[in-house]
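So that the names make sense, note that chain A is the first sequence line, chain B the second, and so on, each numbered from 1. Given the structure is predicted, the values throughout are model-derived calculations rather than measurements. The analysis underlying the following values was restricted to heavy atoms, covering all of them including side chains, and did not include hydrogens, waters or symmetry mates.
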2 protein chains.
Amino acid sequence: MTSYINKINDYIKSLDYETQNALQNISLNKHYKKGDLLLRQNEICSKSYLLINGIARKYYLNDGKEITTELYFENDLAISFDSYTLQQPSKEFIEALTDVTVSVISYQTFQEAKKNFPKLLTLDLMLTEYYGMWVENRLFQFHTMTATQRYLDILTKSPHIIQSVPLTIIASYLGISLETLSRIRAKI
Amino acid sequence: MTSYINKINDYIKSLDYETQNALQNISLNKHYKKGDLLLRQNEICSKSYLLINGIARKYYLNDGKEITTELYFENDLAISFDSYTLQQPSKEFIEALTDVTVSVISYQTFQEAKKNFPKLLTLDLMLTEYYGMWVENRLFQFHTMTATQRYLDILTKSPHIIQSVPLTIIASYLGISLETLSRIRAKI
DNA sequence: TGTATTATTTGACCTAAGTCAAATGTCGTA
DNA sequence: TACGACATTTGACTTAGGTCAAATAATACA
């Protein structure tokens with residue numbers, strides 16, 4: 001599936017000058033401080049955020065508890081998918097876990113750009129396909145793997161997560177309690 | 001999210017005659033008997049199946065056990081998403097749970113059609129967005145709900161599933177053992 | 001350097017769900 | 001209608017993971 005990221009990047013590089021330029025022109029770099037919220041619950045996700053550097057996460061509240069649904073690193077695209085797609089209020093927050101720099105494109109502007117530069121429509125489809133496969137894979141893990149297996153999977157495939165994100169957040173990302181995560185780590 | 005299905009259907013209805021016709025021309029109705037496999041593990045999912053009538057499911061094998069990942073009813077679109085998108089061998093099977101009639105479109109033909117009828121590209125994006133939201137919602141359920149809650153969710157939102165699909169399959173779809181499902185049902 | 005604050009670990013106990021085995025139900029067809 | 005093949009339930013016991021409380025790190029910064 002990493003190969004699909006490469007395919008997307010290749011596609012972007014292969015775009016004609018005009019389309020590349022259009023993308024460039026509707027993008028705007030922004031900085032956020034650690035702890036800042038890029039998106040709040042109940043707001044409509046009207047922008048997409050491409051992480052230039054730093055770390056961020058997406059989470060929602062489940063009777064008072066924060067459940068982390070996605071972690072973002074360099075080159076990851078951060079949106080609340082259903083809020084962005086349906087332009088309806090978001091259930092999720094997006095929060096900067098460190099100081100971050102992002103490249104922002106507004107939903108509306110991107111929709112317009114797709115009309116004038118049809119290749120952006122294909123890009124949109126590719127990004128959506130990628131996200132679909134990513135979520136499907138995560139669902140698969142919850143469907144069939146134990147907490148220990150899910151932790152080991154992160155440890156091997158995404159060790160940077162373990163190194164740079166507090167255990168409380170990793171635990172909620174894995175769908176287990178902080179204590180259970182601590183015990184899993186002790187056992188290994 | 002049902003509203004998004006309506007939006008997709010409206011979009012299809014609003015398509016110009018040529019595009020509608022193109023879709024029509026690349027579709028082919030096929031019949032399968034109960035128990036037939038529309039897609040086998042390790043095969044590439046080179047076709048999409050729109051259920052005209054009957055019931056089908058998608059599943060994979062997890063050390064010998066069948067794990068159902070999706071149930072299909074009338075008007076549902078059945079594919080193994082990552083196999084279809086990447087045109088790589090499928091981890092999943094698609095099986096007819098009853099006799100079914102499907103409208104089949106080949107991946108290759110559809111890719112070609114998208115070039116000549118750009119509105120099909122938008123349709124592809126909409127369908128992919130819908131699937132993304134559907135999977136996201138299912139992941140949410142596994143992330144935060146108990147088995148009983150997940151069962152009750154099906155019971156209220158999709159009672160036709162409970163009525164028409166054997167409990168063994170529903171249990172695997174819920175990610176629990178058959179015995180646990182039986183006990184949940186006894187308690188309610 | 002000391003102390004407050006936050007992050008992580010450990011202990012004791014509880015609960016949801018799994019496993020294995022056996023008992024019932026249900027249904028199609030000879 | 002009886003019998004084999006599934007489908008579903010029930011029982012007894014095990015296990016993964018949760019909860020609450022307390023004990024240690026680790027950090028930050030006055």
Indicate for each nucleotide in nucleotides 12-30 of chain D, in 5' to 3' sequence, whether protein heavy atoms under 4.0 Å reach the base (B), only the sugar-phosphate (S), or nothing (-).
B----SBBBB---------
Separation of atom [atom1] in [X] from atom [atom2] in [N], rounded to whole Å:
{"X": "A/Leu97", "N": "C/dT6", "atom1": "CG", "atom2": "P", "value": "17 Å"}
{"X": "B/Gln149", "N": "C/dA16", "atom1": "CD", "atom2": "P", "value": "11 Å"}
{"X": "A/Ile162", "N": "C/dT8", "atom1": "CD1", "atom2": "C1'", "value": "14 Å"}
{"X": "B/Lys34", "N": "C/dC27", "atom1": "NZ", "atom2": "P", "value": "12 Å"}
{"X": "A/Ile169", "N": "C/dT8", "atom1": "CD1", "atom2": "C1'", "value": "14 Å"}
{"X": "A/Gln163", "N": "C/dA7", "atom1": "CD", "atom2": "C1'", "value": "17 Å"}
{"X": "B/Leu167", "N": "C/dG25", "atom1": "CG", "atom2": "P", "value": "16 Å"}

Parallel, tilted or perpendicular: ring planes of A/Tyr60 versus B/Phe140, cut at 30 and 60 degrees
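Tilted.
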Regarding [X] and [Y], does a basic nitrogen lie under 4.0 Å from an acidic carboxylate oxygen?
{"X": "A/Lys7", "Y": "A/Glu129", "value": "no"}
{"X": "A/Arg57", "Y": "A/Glu66", "value": "yes"}
{"X": "A/Asp99", "Y": "A/Lys33", "value": "yes"}

Find out whether A/Ser80 and A/Asp82 are in side-chain contact, i.e. whether some heavy atom of one side chain is under 4.5 Å from a heavy atom of the other.
yes
Ring of A/Tyr173, cation from A/Arg138 - is the NZ or CZ under 6.0 Å from the centre and inside 45° of the axis?
yes
